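This report refers to the structure that appears directly beneath it.
No experiment lies behind these values; they were computed from the predicted model shown. Here is how names work: the chains are called A, B, and so on, in the same order as the sequence lines, proteins then strands, and each is numbered from 1.
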Amino acid sequence: MTDGTDLDELLIAHAAGHLTEAVALVVASHLCLCRESRRRYRIYEILGGLLLEELPPEELAPERRARVMAALGEDPPTAGGTGIRRCENPLPAPLAPYLPASLSAAEWRRSGPLAELPLSFARSRRGRLCLLRLDPGATVPPHSHVGIELTLVLEGRLRDGDRVLEAGDLAIADPAIEHAPRAGEPQGCLCLLFAQEG
Amino acid sequence: MTRSEEEQARIADLLAIARHRDREAFGRLFDHYAPRVKAYLRRLGADPQQAEELTQEVMLAVWRQAAQYDPRRATPGTWIFRIARNRRIDALRRERRPPEAEEAEVEAEAGGEEAVELPDAILEAESEALLLEKRLREAIARLPPEQAEILRLYYLEEMPQGEIADTLGLPLGTVKSRLRLALAKLRDYFAGNGASRT
C-alpha cells in the first residue's frame, strides 16, 4: 500500500533520474493526474538544481568551449512546448508513445472479466508493463509478487483491501503482500500496471 | 553579488539567449554550468571523455531550447539539471526516459490556469521558483549533516542505499532511516505552505 514515504521515494527517485523506463512511465503518468504529487515532485527537481549548483566544478578541456561556441546556430530558438503527442483518449500524455494507434482495435488478452494489453519498453530490468481493464466488480485473483508492483488507476475505481483507489491514485505493493484488488461498480476500472519480475 | 543577484543574472542570460540569441550570455552560462554538469556526469559514472561530450550536448541543448525556459517554474540550475539528467539517461543507460508533460501543460489541460505572457518585471520580483529554491536551501541547512550527506549521495550519485552504507561504514538500516527522516523533514517543511502556487 502507498504510504506517503514510499510515494515520496518514488517521486524523488524520478526527479533524480534513477528510475528504470517502465517505473518512470508509471510515475510520469501519475504526475499528470495528481496535483499534490506534482507539487512535491517539483520541489525534488528544484533540489536537483540546488545540488547541481553546489557541486565542486570540474573544468573541461579548453577546446570544448570553443567547439560549443562554434556550433551555436543562428536559428530561432525552438518554440515552447515539449512536443509531446497528445493522446486521443483521456490517458496521460506520457503514455502516448507506448500505446497502439487505437486502444479498442488493439489485441487485448482477455481472461474472464480481465483484459490485458502488454506495453513494450526497454527491458533493462525484467518486468511486466500493461494496461489492465477490469469489468465492473471483477476481482484480480489473489496474488503476491516477486518484486514491487505499481498500479495506477486511470479510469474508474479499484478497491484494494481497505483502500479505494480513484483515477490518478498510485498503489505501491511490496513483494510480500498478497492482495486481490476488485474493480468498482458500475464503471469497472482501467489501470496501468507494472510488476517487477525477478 | 549575492546569491540571489547571481541567480537573477543567470535568468536574464537565459532569457537573452531565448530572445536575441545572445552569445555572450551563453558564454557566461557555459562557464558557470558546464563544469558543474561535467562533475554531475562524472559522479554518475561517465569517464572524463564521455562526461565532456555529454556536457557539450547539454550546453547546446540550452542554446537551442532556451525559449522553453520559464523563470516562474524553474531556476536556471533546475532547468539545466533536468536537461543533463535526461540526456544522461538516454546516453549512458541506453534507455529512454518517458516524455514528461510540463507542469504548465498539465495545468492548462486541467483548466487550472491560463498561460500568461511573461512580464519583464519578473526580473525585479523574486520568482516563485527562486523562492522555492531558497526555502529548500533553508530546509537542507536545517537537516543534521549526516542526513544531508545521505540525501546528496542518494540523489546525485545514484548510490544504492546498500552502497551508501558500505561507503560510510554504517548499517543499512541506519542509512534507510536517515534518508526517510530527511525526506520527511523536507516534506513537512513544505507541507501546506502554499509556496507552490501563487
Side-chain angles (χ1 to χ4, degrees), chain A residues 4-5 8-9 12 15-18 20-21 24-25 28-29 31-32 35 38-40 42-61 64-65 67-69 71-85 92-98 122 124, chain B residues 17-18 21 23 26-27 30 34-40 42 52 55-56 59-60 63-68 74-75 77-82 84-86 88-89 93-103 105-106 129 132-133 136-137 140 152 154-156 158 180 183-184 186-187 190 196:
Chain A
T5 312
D8 266 304
E9 282 182 17
I12 197 170
H18 300 173
T20 56
E21 184 180 351
L25 177 63
S29 301
L31 285 171
C32 281
R35 175 177 275 210
R38 279 203 298 283
R39 197 179 76 86
R40 291 197 225 155
R42 186 162 179 229
I43 290 166
Y44 294 141
E45 278 198 321
I46 292 176
L47 175 63
L50 189 62
L51 296 176
L52 179 73
E53 294 278 4
E54 286 177 354
L55 274 181
E58 286 185 31
E59 290 308 321
L60 283 80
R64 296 285 182 184
R65 187 185 201 273
R67 221 176 281 169
V68 170
M69 293 305 288
L72 302 181
E74 294 292 342
D75 332 340
T78 326
T82 45
I84 295 179
R85 182 163 61 97
L95 271 174
Y98 296 83
S124 63
Chain B
I17 295 168
R21 311 262 76 182
R23 284 165 184 262
F26 179 82
F30 186 97
R36 288 173 170 81
V37 170
K38 181 186 169 187
Y40 167 62
R42 292 277 290 130
E52 294 204 353
T55 301
Q56 277 183 265
M59 295 313 294
L60 279 171
W63 174 262
R64 283 194 220 104
Q65 296 165 21
Q68 291 169 21
T75 61
T78 299
W79 189 67
I80 292 171
F81 164 74
R82 266 193 221 146
R85 172 195 70 192
N86 295 354
R88 176 248 161 187
I89 292 172
R93 282 233 214 110
R94 310 206 177 284
E95 241 180 61
R96 60 179 165 159
R97 183 174 168 98
E100 219 163 304
E102 284 289 330
E103 192 186 358
E105 293 174 10
V106 175
L132 273 175
E133 194 203 51
L136 198 51
R137 207 179 304 127
I140 290 173
R152 280 195 186 90
Y154 172 76
Y155 193 112
L156 270 198
E158 199 175 17
R180 277 182 181 239
L183 290 182
L186 293 187
R187 195 170 62 231
F190 281 95
S196 70

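Nearest heavy-atom pair across B:Leu60 and A:Ala71 is CD2-CB, 4.0 Å. For B:Ala39 against A:Pro56, the heavy-atom pair with the smallest separation is CB-O, 3.4 Å. Contact record, B:Lys38 with A:Glu59: NZ-O, 2.9 Å, taken as the closest heavy-atom pair. Contact detail for B:Glu52 and A:Ala61: the closest heavy-atom pair is OE2-N, 3.1 Å.
Between A:Leu50 and B:Thr75, every side-chain heavy-atom pair lies at or beyond the 4.5 Å cut-off. Side-chain contact between B:Phe81 and A:Glu53: absent, with no pair of heavy atoms (C-beta onward) separated by less than 4.5 Å.
Checking side-chain atoms of B:Arg180 against main-chain N and O of A:Glu9 turns up no donor-acceptor pair under 3.5 Å.
To the nearest 0.5 angstrom, B:Leu136 atom CG is 12.0 Å from A:Glu45 atom CD.
Of the residues considered (A:Leu51, A:Val68, A:Leu72), A:Leu72 shows the highest number of contacts with chain B, using heavy-atom pairs under 4.5 Å.
With sequence neighbours left out, the side chain to side chain contact (heavy atoms under 4.5 Å, CB included) criterion links A:Arg67 to A:Glu63, A:Arg64, B:Gln56.
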task: Could you go through the side-chain contact (heavy atoms from CB on, under 4.5 Å) check for B:Leu186 and A:Ile43 one step at a time?
output: CA-CA 9 Å; B:Leu186 293 187; A:Ile43 290 166; 5.9 Å; no
Pair B:Arg36, A:Glu54 - check salt bridge (Lys or Arg N to Asp or Glu O under 4.0 Å), show working. CA-CA 8 Å; B:Arg36 288 173 170 81; A:Glu54 286 177 354; over 6 Å; no
